[in-house]
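Given the structure is predicted, the values throughout are model-derived calculations rather than measurements. Values reported hereafter were calculated over all heavy atoms of this structure, with side chains retained and with hydrogens, waters and symmetry mates removed.
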4 protein chains.
Amino acid sequence: MGKKIDIVRTASHLFVTQGFDGTTTAQIAREANVTEPLIFYHFKGKDDLFSYILKTGSDKFFAGLEAHKKDTETEFEKIKNYINFNLRYVGKNPDESFLVISACPAKFADPDHICQKIIKRHKQIIESYLRDCIKEGIKKGEFLNVPIKETVRLISLIVVGLMRQRSFQKKSTAGLNKTTIEFCRRSLLKNP
Amino acid sequence: MGKKIDIVRTASHLFVTQGFDGTTTAQIAREANVTEPLIFYHFKGKDDLFSYILKTGSDKFFAGLEAHKKDTETEFEKIKNYINFNLRYVGKNPDESFLVISACPAKFADPDHICQKIIKRHKQIIESYLRDCIKEGIKKGEFLNVPIKETVRLISLIVVGLMRQRSFQKKSTAGLNKTTIEFCRRSLLKNP
Amino acid sequence: MGKKIDIVRTASHLFVTQGFDGTTTAQIAREANVTEPLIFYHFKGKDDLFSYILKTGSDKFFAGLEAHKKDTETEFEKIKNYINFNLRYVGKNPDESFLVISACPAKFADPDHICQKIIKRHKQIIESYLRDCIKEGIKKGEFLNVPIKETVRLISLIVVGLMRQRSFQKKSTAGLNKTTIEFCRRSLLKNP
Amino acid sequence: MGKKIDIVRTASHLFVTQGFDGTTTAQIAREANVTEPLIFYHFKGKDDLFSYILKTGSDKFFAGLEAHKKDTETEFEKIKNYINFNLRYVGKNPDESFLVISACPAKFADPDHICQKIIKRHKQIIESYLRDCIKEGIKKGEFLNVPIKETVRLISLIVVGLMRQRSFQKKSTAGLNKTTIEFCRRSLLKNP
DNA sequence: GATGAATGAGTGTTCATTCAT
DNA sequence: TATGAATGAACACTCATTCAT
C-alpha cells in the first residue's frame with residue numbers, strides 16, 4: 001500500500017546523491033523493493049516522478065515555513081528565525097530540500113517546464129520574505145542602509161550554501177549555523 | 001591539430017550545462033566537430049576526459065591565484081583580493097571553474113578517485129589561504145575574534161555561491177560582488 | 001451490462017484501423033470506457049477477443065447472405081446479387097467484414113488455429129457459391145466457356161478488393177460497384 | 001559490408017509476413033545475423049527502416065516499369081504488358097512490392113508522413129498510366145465506351161489483388177494471370 | 001460484474017567503447 | 001591522427017495479464 005511512498009522516498013534520495021541522470025528507474029525499483037513497471041503505473045515516467053517530488057517538496061517546505069512564522073520584536077529576529085528554520089527543515093528533509101534548491105536537470109531547462117516554475121516560485125517566495133524584513137529593518141533604523149536587492153541575494157545564497165552542505169555533503173552545520181547568524185548580525189545591524 | 005583542445009573545451013561546457021551523466025560522448029564529438037573515436041584516442045574514456053578537465057582546471061586556477069597574490073597592508077585586503085580574483089577568474093573561465101567547485105558525478109565518490117583528490121586539494125588550498133588571513137588578522141587586532149574554522153567555511157561557501165551564480169546561472173554579479181565585500185568587511189573588522 | 005458489446009465493437013474498430021498488434025488492450029479499455037481487467041473477465045485474452053470477433057463476424061455474414069439468396073432467372077443475376085450483398089453488408093458492418101477478409105495476425109498462422117479455420121471456411125463458402133453459379137451458367141449456355149477455378153478466384157479477388165476499399169480506405173464505391181458488374185457481365189455472358 | 005543490405009532484406013521479409021507491429025527489431029537483428037544496435041546505426045529507428053524500404057522499393061518498381069514500357073500497336077497490349085510486368089516483378093521482389101501496395105502501419109496515417117507520400121505517388125503513377133491507355137483506346141475506337149475513372153480503379157484493384165495473392169499468400173498465379181487478361185480483354189475491347 | 005495495484009517478459013533505443021583500416 | 005562500422009550492456013518504458021478485493 002505504501003509502495004508509492006517507497007518509490008518517492010527512494011527516488012528522492014537517489015536523485016540527490018546521484019543526480020537525475022545518474023539514477024536509473026531500475027535502481028529506484030530495486031532499492032524501493034518494487035518492480036520497475038510500478039513506477040510507471042504511479043507516474044507518467046521518470047521526469048514526472050521528479051516533478052512530483054519537486055512539487056510536493058516545495059509545498060511541504062512552505063507549509064512548514066508558514067507555520068513557523070512568528071511575530072518578533074526585531075526584523076533581525078525574523079531573519080534569524082528564517083535561517084534556523086531552513087537548517088532545521090533541511091535536517092529533517094534533506095532530500096526534498098536539496099532538489100528544490102539545487103539546479104534541476106538541464107533537460108528541464110525550458111522555463112515553461114513545471115520544474116522551472118516550481119523552482120522560480122520557490123525563489124520568489126524566499127526572496128520576497130527576506131526583502132520585506134530588510135526593507136522594514138532599514139525603515140525602522142534597525143539595519144544599516146544596505147543595498148536591498150543585493151543583500152537579499154547574498155543571504156539567499158548563504159542559506160542555500162548551508163543547506164547544500166548539510167543535505168548533500170552531510171556535514172553538520174551546528175557551529176557554522178551560529179557563526180553565520182553572528183556574521184549577518186554584525187553586517188546588518190546598526191548596533192550589533 | 002587543435003582537435004584535442006576542441007574536445008576539452010566542448011566537453012567542459014557541456015559537462016557544466018548538462019552534467020556529466022547528461023552529456024554523451026556523441027554530443028561532445030558532434031559539437032566539437034570531431035568523430036567519436038577521436039575522443040577515445042586522446043582520452044582513456046569519458047571518465048578520464050572529465051578528470052583531465054578537472055585537473056587542468058584546478059592547476060590553472062592555482063597558477064592564476066599564485067600570480068595574483070600580492071603583499072597588502074591589511075589582511076582584509078587579501079580576502080578582498082581573493083574574492084575579486086575568484087570572480088574575475090570565473091568570468092573568464094566559467095566552465096572549468098564550475099566543475100571544480102561543483103560536486104562531481106556520484107560515480108566518482110570513492111575518496112581514492114583522482115577527482116576526489118583534486119577537489120579535496122582545491123578546497124584545502126583555498127581554506128588554508130583564508131585561514132591564514134583570518135588568523136593573522138585576529139592576531140594583528142585587525143579582525144574581531146571570530147571562530148576561525150567556521151568563518152573560513154562561511155566565506156568559502158559565499159565565494160562558491162557567487163561563482164555558481166556567475167558560471168551556471170549566468171547572472172552578472174557586479175553589484176553583488178561589491179555588496180559581498182562590504183558585508184564581510186563589517187562582519188570581520190573591528191573598525192569597519 | 002452492454003459493456004461486453006462495447007468492448008467487442010471498440011476492439012473491432014481498432015483492430016481494423018490499427019491492426020491487431022498495433023492495438024493495445026489498454027486502448028481498447030479506454031475507448032470502450034471500461035477498465036482493462038474487464039476485458040480479461042469477458043475474454044480469455046486479446047487473442048480470444050480477436051477470435052470471437054472473427055467468429056461472430058463470419059457467422060453474421062453468412063446469416064445475412066443466406067437470407068439474401070433469391071431464386072433468379074439467370075445465373076448472372078445471382079452473381080450480381082452476391083456482389084451487391086457484399087458491398088451493402090460491408091457498408092453496414094465495415095469492421096467485422098474487414099477482419100474476415102483481411103489476413104489475420106501472423107502469430108495465428110498455424111492452420112489449426114481457430115482463426116485460420118474461420119477464414120478458410122469463409123473463403124470456401126464464398127468460392128463454392130460462385131463456382132456453382134458459373135458452372136451452372138456455362139452449362140445453361142448463359143456464360144462463355146471460362147475456366148471455372150480461375151474465374152472464381154478472380155471474382156473473389158475483385159469483391160474483396162472492393163470491400164477493402166470500402167471498409168478500410170473508406171472510399172465510396174457507388175460508381176465503382178456498377179462498373180464492376182458491367183465489367184463482369186461483358187466478360188462472362190455470351191450475349192452481354 | 002553487406003550488413004546494411006542484410007538488415008533491409010530481412011526486415012522487408014518480416015514486415016511482409018508479420019506486419020510492422022508484429023516484427024521486433026530484435027528479431028530482425030537475429031535473422032539478419034547482426035546485433036540490434038547496428039540497425040540503429042544505419043537507420044534512425046524502426047520507422048525509418050520501414051520508410052527506407054518503401055522508398056527504395058517504390059523507386060525500383062518504377063525504374064523497372066519505365067524500362068519495360070514498349071510501343072505497342074494496340075492500347076490493350078499496353079495494359080496486358082502492364083499486368084504482366086507487375087506479376088513478373090512481384091515474383092522477383094515479393095517483399096518490397098507488397099509493402100508498397102499494402103496499407104502501411106496505422107501510426108503512419110498522417111498524410112504528411114513520407115510513407116503516405118510514397119504510397120500516394122505510387123498509386124498516382126499507376127493510375128495515370130492506365131488512364132492514358134484507356135482514354136486513348138476509347139478515342140481510337142479500340143475499346144468500348146467504359147467509364148474511365150472507375151475502370152482504372154477496377155483494373156488497379158485487380159492487379160493489386162493478384163500481387164497480394166502472389167506475394168503474401170504465395171499462391172502461384174500462372175493460370176489466374178491469363179484468365180485475368182482474357183477477362184479484361186472481353187470487357188474492354190469492341191471486338192474481343 | 002468490476003476494479004486498483006501489481007508484474008514478468010519484452011520493446012525500441014541509446015550508451016560508451018572497440019576494431020579494422 | 002583519424003574514422004566508418006560494429007557491439008555488449010544498459011536504458012526508460014510498455015505489454016498482456018493476474019490478483020486481491
Open item on the list: Salt bridge check, D:Asp21 against D:Lys107: does any charged N sit closer than 4.0 Å to a carboxylate O?
Closed with: no
Rounded to whole Å, OH of A:Tyr41 lies from P of F:dT14 at a distance of 15 Å
* Contact class for C:Thr24 (heavy atom, under 4.0 Å): base, sugar-phosphate, or nothing? -> sugar-phosphate
Could you tell me whether the side chain of D:Gln116 reaches within less than 4.5 Å of the side chain of D:Asp110, counting heavy atoms only?
-> no
Would you say A:His42 reaches E:dA5's phosphate, i.e. side-chain N/O to OP1/OP2 under 4.0 Å?
no
**OP:** Would you mind checking if D:Lys55 and D:Asp48 are paired as a salt bridge, meaning a charged N to carboxylate O distance below 4.0 Å?
**Re:** no
Between B:Thr23 and D:Phe20, the residue closer to the 5' end of DNA chain E by nearest nucleotide is D:Phe20
Separation of F:dA10 atom C1' from A:Asp21 atom CG, nearest Å, is 15 Å
Closest to the 5' end of DNA chain F, once D:Val34 and C:Ala26 are matched to their nearest nucleotides, is D:Val34
Audit row: B:Asp95, B:Phe15, side chain to side chain contact (heavy atoms under 4.5 Å, CB included) steps and yes/no
CA-CA 8 Å; B:Asp95 297 333; B:Phe15 286 156; over 6 Å; no
Rounded to whole Å, CZ of A:Phe15 lies from P of F:dA12 at a distance of 9 Å
Between CD of A:Gln18 and P of F:dC11 the distance, given in whole Å, is 11 Å
Do D:Glu31 and D:Thr10 have side-chain atoms, one donor and one acceptor, less than 3.5 Å apart? no
A:Ile39 CD1 to E:dA5 P, in whole Å, measures 16 Å
Closest to the 5' end of DNA chain E, once C:Pro37 and D:Phe40 are matched to their nearest nucleotides, is C:Pro37
To the nearest angstrom, the CD1-P distance between C:Ile28 and F:dT17 comes to 10 Å
Looking only at F:dA2, E:dT3, E:dG12, the nucleotide nearest the D:Lys46 side chain is E:dG12
Item checked: Under-4.0 Å side-chain N/O to phosphate OP1/OP2 contact, B:Thr35 with F:dA2 -> no
Taken to the nearest whole Å, CD1/C:Ile5 to P/E:dG1 is 12 Å
Which of F:dT3, F:dA16, E:dA16 is nearest the side chain of C:Glu36? It is F:dA16
Taken to the nearest whole Å, CG/D:Leu38 to P/F:dG8 is 11 Å
When both distances are under 3.5 Å in a Watson-Crick or G-U wobble arrangement, the nucleotide paired with E:dA20 is F:dT3
Scanning all shown strands, the Watson-Crick or wobble mate of F:dG8 with both distances under 3.5 Å is E:dC15
Any D:Lys44 side-chain N or O less than 4.0 Å from OP1/OP2 of E:dT14:
no
